[in-house]
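Accompanying notes for the structure given below.
In the text below, chain A, chain B and the rest are named by the order of the sequence lines, each starting its count at 1. All values below were derived from every heavy atom in this structure, side-chain atoms included, with hydrogens, water molecules and symmetry-related copies excluded. This is a predicted model, so every value here is computed, not measured.
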Amino acid sequence: MLTIKQLRDDREAAIRRLAKKGVDAASVIDKIEKLDDRRKAIQHELDEMLAQQNQASKQIGALMGQGRREEAEAKKAEVAALKERSNALNAEFKEVSDALQAAIVSLPNFPADIVPEGKTAADNLVVKMVEDHRTLPEDALPHWELARKYDLIDFDLGVKLTGAGFPVYKGKGARLQRALINFFLERNTRAGYLEIEPPIMVNEASGFGTGQLPDKEGQMYHATVDNFYLIPTAEVPVTNIYRDVILDEKDFPIKMTAYTPCFRREAGSYGKDVRGLNRLHQFDKVEIVQLSLPEKSYAALDEMVAHVETLVQALELPYRILRLCGGDMSFTSALTYDFEVYSKAQKRWLEVSSVSNFESFQANRLKLRYKDANKKTQLAHTLNGSSLALPRIVAALLENNQTPEGIRIPEALIPFTGFDLIK
RNA sequence: GGAGAGUUGGGUGAGUGGCUGAAACCACCAGUUUGCUAAACUGACGUACGGGAUUUCCGUACCGGGGGUUCGAAUCCCCCACUCUCCGCCA
């Protein structure tokens, strides 16, 4: 969430920036200013009242100690009257604070200045395009056909065991999953990311910290008996490691990577988008997370994008990098780059990574702070990205590397798969 | 799952319902002393919000989380979470 200071310091700029995300924030900001003023006024009055009560209570103690009972009783009556008023004020304080919080939480993050204007995916800016000039056979198959042909993935069996969107990987299909996970983790740890194996269920506080709760409650699987949520991404547990933490300036940058299965209910999806591996309820992903000093977060973002690019290149996939436009970016992001790989058989681009800088938006919710050179407590910046998500990478690998002999494994992956061809 | 004991500031740990936002010790930071290091001594040493001043200041809240009793709660009561010990169960 944004800070009140961010909104109040330059109201016009705030409105202009939020407009890029398609939000008309003027009325909400007005409301926030009014509530903030009201909150301050109430607190001032309430604090004074409580100070009086505290003082009176001390006097009562002293009077009792001296055996001056009657005077003490008179004071008690005085406090009772004060208390009645302060209770009412306190109730109003809570009400105003809650309304203020609700209003602030309703606003998305400011997009960075270089975010393109636009409403939909069509307005995203292609910042890099790397094509592949290999040609596929005429009768090239989509990955779900290839998965069946080579007995790599059984979607129907997943339906039997659980339901749609929970595929069963078999044989070389399963081995390919494991190889990709290891390959990504290996590359990430070599690039300085600390490997983490986090819980894949989290509590409510963690869900709130990274912004999944309360807004996206319906998108997560919820184990209601224990009130735990299955994570939609490793970002949730990994970033929450630093919830309520005050770091030192010299602790930065903090770089972490984690493999986890991810669970998404994907309520409302249908059609070709969910065919095969394109959209699943459970999938594997390796994530990278960075915590950064504010002045260095954009350099960190560039570094992360460059790193993810080396992975896609190593897999020899045609890809492009998009800078998302204001209308297509997530609620919490300030700047996002998407990686898409081209699926020749499906003739479409598949998103395989999304790398974002959240600036202080998540940190404010998480209370993730640091002491600056002047010993002042400041919000840190958080960033994360997929590095990488498996299903669509697998889809692209199968489709783009199909040959009459079988499916060719990219050179860099062979040490991890232990085979160079799926036939 | 059952029974018992716990949860206090970065750490250890004290705390008869008022003099405790919290002793003491350790760590950290600044300074004095010193040829350097060490030691010793001195001082500072939580977070958030609000008010004032924008260098010192004041108020309020916070002793796992939430509620309650009381003029007054770290201290008493209730609920929840977590930790430890024992029993049970189990990969």
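Distance, A:D248 CG to B:rC29 P: 10 Å, rounded to whole Å. A:E70 places its CD atom 17 Å from the C1' atom of B:rC71, with the value rounded to the nearest Å. Taking atom CG on A:D244 and atom P on B:rG9, their separation rounds to 14 Å, with Å as the unit. Atom CG in A:N90 sits roughly 10 Å away from atom P in B:rG67 (whole-Å rounding). A straight line from CD1 of A:I104 to C1' of B:rC49 spans 13 Å, rounded to a whole angstrom. Here the P atom of nucleotide B:rG52 and the NE2 atom of A:H44 are 7 Å apart, to the nearest Å.
Nucleic acid contact for A:K75: none, since no nucleic acid atom lies under 4.0 Å from a heavy atom of the residue.
Enclosure of atom CD in A:E92 by more than 12 non-hydrogen atoms of other residues, nucleotides or ligands within 6.0 angstrom is indicated.
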Review point. Going 5' to 3' along nucleotides 78-84 of chain B, which nucleotides have protein heavy atoms under 4.0 Å from the base (write B), which only from the sugar-phosphate (write S), and which from neither (write -)?
Key: -------
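If you check residues 363-371 of chain A against RNA chain B, the residues with a heavy atom closer than 4.0 Å are A:R369, A:K371, listed by number.
The minimum heavy-atom distance linking A:P232 with A:M220 is given by the pair CD-SD, 3.7 Å.
Look at B:rU42: its Watson-Crick or wobble partner, with both distances under 3.5 angstrom, is B:rA30.
Between A:T120 and A:D328, every side-chain heavy-atom pair lies at or beyond the 4.5 Å cut-off. Taking 4.5 Å as the limit, some side-chain heavy atom of A:F110 sits within range of a side-chain heavy atom of A:L2. Proximity of A:R369 to A:L247: side-chain heavy atoms (C-beta onward) are nowhere separated by under 4.5 Å.
Nearest to the side chain of A:K58, among B:rG50, B:rC19, B:rA48, sits B:rC19.
Residue A:R39 places none of its side-chain N or O atoms closer than 4.0 Å to OP1 or OP2 of B:rC49. Listed pair A:K76 / B:rU70 fails the phosphate criterion, with no side-chain N or O lying under 4.0 Å from OP1 or OP2.
Distance noted for atom P between B:rG17 and B:rG2: 32 Å (whole Å). A distance of about 9 Å separates the C1' atoms of B:rG9 and B:rC63, rounded to the whole Å.
A:N109 and A:E359 share no side-chain donor-acceptor pair at under 3.5 Å. The closest side-chain donor-acceptor pair between A:E195 and A:Y259, if any, does not fall under 3.5 angstrom. Side-chain contact check for A:S292 and A:S297: no donor-acceptor pair (N or O, by modelled atom type) lies under 3.5 Å. A:R243 and A:S206 share a side-chain donor-acceptor pair at under 3.5 Å.
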Tabulated below should be each protein N or O lying under 3.5 Å from an N or O of nucleotides 57-63 of chain B; please produce it.
unit_1	atom_1	unit_2	atom_2	d
B:rG59	N2	A:Q43	NE2	3.4
B:rG59	N2	A:D47	OD2	2.8
B:rU60	OP1	A:N54	ND2	3.2
B:rU60	O2'	A:D47	OD1	3.2
B:rA61	OP2	A:N54	ND2	3.4

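Under a cutoff of 6.0 Å and an axis angle of 45°, A:R178 and A:F416 do not form a cation-pi pair. Both tests hold for A:K172 against A:F419: distance to the six-membered ring centre under 6.0 Å, angle to the ring axis within 45°.
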Practice item. Take A:Q362 and A:M1 through the test side-chain contact (heavy atoms from CB on, under 4.5 Å) and record every step on the way to the result. Key: CA-CA 6 Å; A:Q362 274 187 336; A:M1 62 191 193; over 6 Å; no
